[in-house]
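Step one of this worksheet: look at the structure below.
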Amino acid sequence: MRRKLAAGNWKMNGIKADLAQIEAIASRPPARSEVLICPPATLLIQAAEIAQGRIEIGGQNCHAQLSGAHTGDISASMLRDCGANHVILGHSERRMEHRETDAKISVKAETAHAAGLVTVMCLGETAEDHEMGATLRIVERHLTHSLPDSATAANTVVAYEPIWAIGSGLTPTIAQISEVHDFMREKLVERFGTEGEGMRLLYGGSVKPSNAGEIFAISNVDGALVGGASLKASDFGAIIDALDAAWLDA
Ligand code: PGA
């Protein structure tokens, strides 16, 4: 059975004073689910010290190479050295603001896997693609080209994040999320066999305490990647509780 995962993506938010939110989440780990917080790189060392293995800590990006002349970048091995064991790759904000392509994301993932990190691979369609009915085509393209052959159930989590749902308060219908997640499962099993069966599939985009329960009830949704609502322990805690409760209904 796939262990459910609640992942928080703090993006470019959080200063030292916000580490208290990590302590608040780590001090009440859920009975069944796994929890991951990805704070900005500046907080990683302290976040990992606070977490003490009670929850997982991850980075939000890494370079395709392990070291070298890349001003301003951070490598997968540096993330490991900080105490992180996960990294988010291919987030739509990186794809758009830093022109990251599927090919580049795939190389980053290979490097991250070799460094021992679990990669949270983000993909999803724009509002325009969604309106044109191109969602599954875009999702398939991202899945095929951004996941490297090194992907396994243990080192890879896939997050479906429709770009139009991120930070907008909008979410696809339950039927739409279900269709995309079933499709991703089918494609992953086709390519990776039993490993594809074991990869966790997260939904991301405007997940909040009020909609988490119905999203977590979808069969191929193994958790969520949460942006805004992960910044406050009270909200993220409520989402974690909803995820943990979903185990009992499964
Ligand atoms: P949101 O962001 O929960 O604020 O919509 C999700 C994400 O971008 O990972």
Side-chain angles (χ1 to χ4, degrees), residues 4-14 18 21-22 25 33-41 43-44 47 55-62 84 86-100 105 108-109 112 117-127 129-130 135 138-139 142-143 146 156-174 176-177 180-181 184 199-216 218 221-243:
K4 294 184 193 292
L5 171 64
N9 172 13
W10 280 18
K11 309 189 180 185
M12 198 172 70
N13 298 293
D18 299 305
Q21 304 299 319
I22 295 181
I25 293 293
S33 311
E34 191 175 12
V35 176
L36 163 68
I37 295 182
C38 301
L43 297 180
L44 276 175
I55 61 169
E56 311 297 323
I57 297 295
Q60 298 174 11
N61 175 49
C62 69
H86 289 63
V87 63
I88 296 171
L89 290 177
H91 192 281
S92 58
E93 286 149 17
R94 302 267 341 156
R95 289 176 186 264
M96 289 186 294
E97 292 177 22
H98 299 273
R99 291 197 288 272
E100 291 192 8
I105 292 158
K108 287 185 179 203
L117 291 173
V118 176
T119 58
V120 179
M121 311 297 298
C122 302
L123 49 88
E125 82 284 4
T126 62
D129 294 329
H130 181 72
T135 299
I138 301 295
V139 165
H142 285 321
L143 261 188
S146 65
T156 301
V157 174
V158 177
Y160 169 55
E161 298 204 306
I163 295 169
W164 52 274
I166 295 175
S168 65
L170 302 170
T171 50
T173 63
I174 296 302
Q176 284 170 334
I177 298 175
V180 173
H181 280 243
M184 293 198 297
M199 288 177 194
R200 284 164 307 167
L201 305 183
L202 310 184
Y203 167 76
S206 296
V207 175
K208 42 189 183 257
S210 60
N211 62 15
E214 56 176 357
I215 293 170
F216 295 150
I218 303 171
V221 171
D222 305 309
L225 180 55
V226 185
S230 72
L231 295 172
K232 281 213 180 74
S234 52
D235 285 347
F236 196 41
I239 291 169
I240 294 166
D241 289 344
L243 185 63

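As the structure lists them, so they are numbered: ligands from 1, and atoms in each ligand from 1.
- Under the 4.0 angstrom criterion for non-hydrogen atoms, K208 is not in contact with ligand 1.
- When the heavy-atom distances from atom 5 (O) of ligand 1 to G227, C122, G167 are ranked, the shortest goes to G167.
- Annotation: atom 7 (C) of ligand 1 to nearest protein heavy atom, E161 OE2, 3.1 Å.
- One finds the CD atom of Q21 at 12.0 Å from the CG atom of L43 (value rounded to the nearest 0.5 Å).
- Checked options H91, K108, E93; the residue passing with N61 is K108 (criterion: side-chain hydrogen bond (donor to acceptor under 3.5 Å, both in side chains)).
- With rounding to the nearest 0.5 Å, the separation of CD1 in I240 from CZ in F216 is 9.0 Å.
- Listed by atom number, the atoms of ligand 1 under 4.0 Å from L225 heavy atoms are 9 (O).
- Residue L143 comes nearest to L123 through the heavy atom pair CD2-CD2, 3.8 Å, listed as atom of the first residue, atom of the second, then distance.
- Distances between N or O atoms of G228 and those of ligand 1 include at least one value under 3.5 Å.
- Using a 4.0 angstrom heavy-atom cutoff, G205 counts as in contact with ligand 1.
- Taking only nitrogen or oxygen atoms, main chain and side chain alike, E93 does not reach within less than 3.5 Å of ligand 1.
- Heavy-atom separations between S206 and ligand 1 include at least one value shorter than 4.0 Å.
- At a 3.5 angstrom cut-off on N or O pairs, S168 does not count as close to ligand 1.
- Near K11, meaning under 4.0 Å from any of its heavy atoms, are these atoms of ligand 1: 2 (O), 7 (C), 8 (O).
- The nearest pair of heavy atoms linking Y203 to P162 is CE1-CD, 3.6 Å.
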(Q) Assess the residue pair K11 and I166 against the criterion (side-chain contact (heavy atoms from CB on, under 4.5 Å)); give the C-alpha distance rounded to whole Å, side-chain angles, the decisive distance to 0.1 Å, and a yes or no. (A) CA-CA 12 Å; K11 309 189 180 185; I166 295 175; 3.5 Å; yes
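- Rounding to the nearest 0.5 Å places OG1 of T119 at 6.0 Å from CG of L89.
- Near H91, meaning under 4.0 Å from one of its heavy atoms, ligand 1 places the atoms 7 (C), 8 (O), 9 (O).
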Q: For side-chain contact (heavy atoms from CB on, under 4.5 Å), just list the numbers for R95 and S146, CA-CA rounded to whole Å, side-chain angles, deciding distance to a tenth of an Å, and then say yes or no.
A: CA-CA 11 Å; R95 289 176 186 264; S146 65; 3.9 Å; yes
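- Here N9 has side-chain heavy atoms under 4.0 Å from ligand 1, and that is the only part of it that gets that close.
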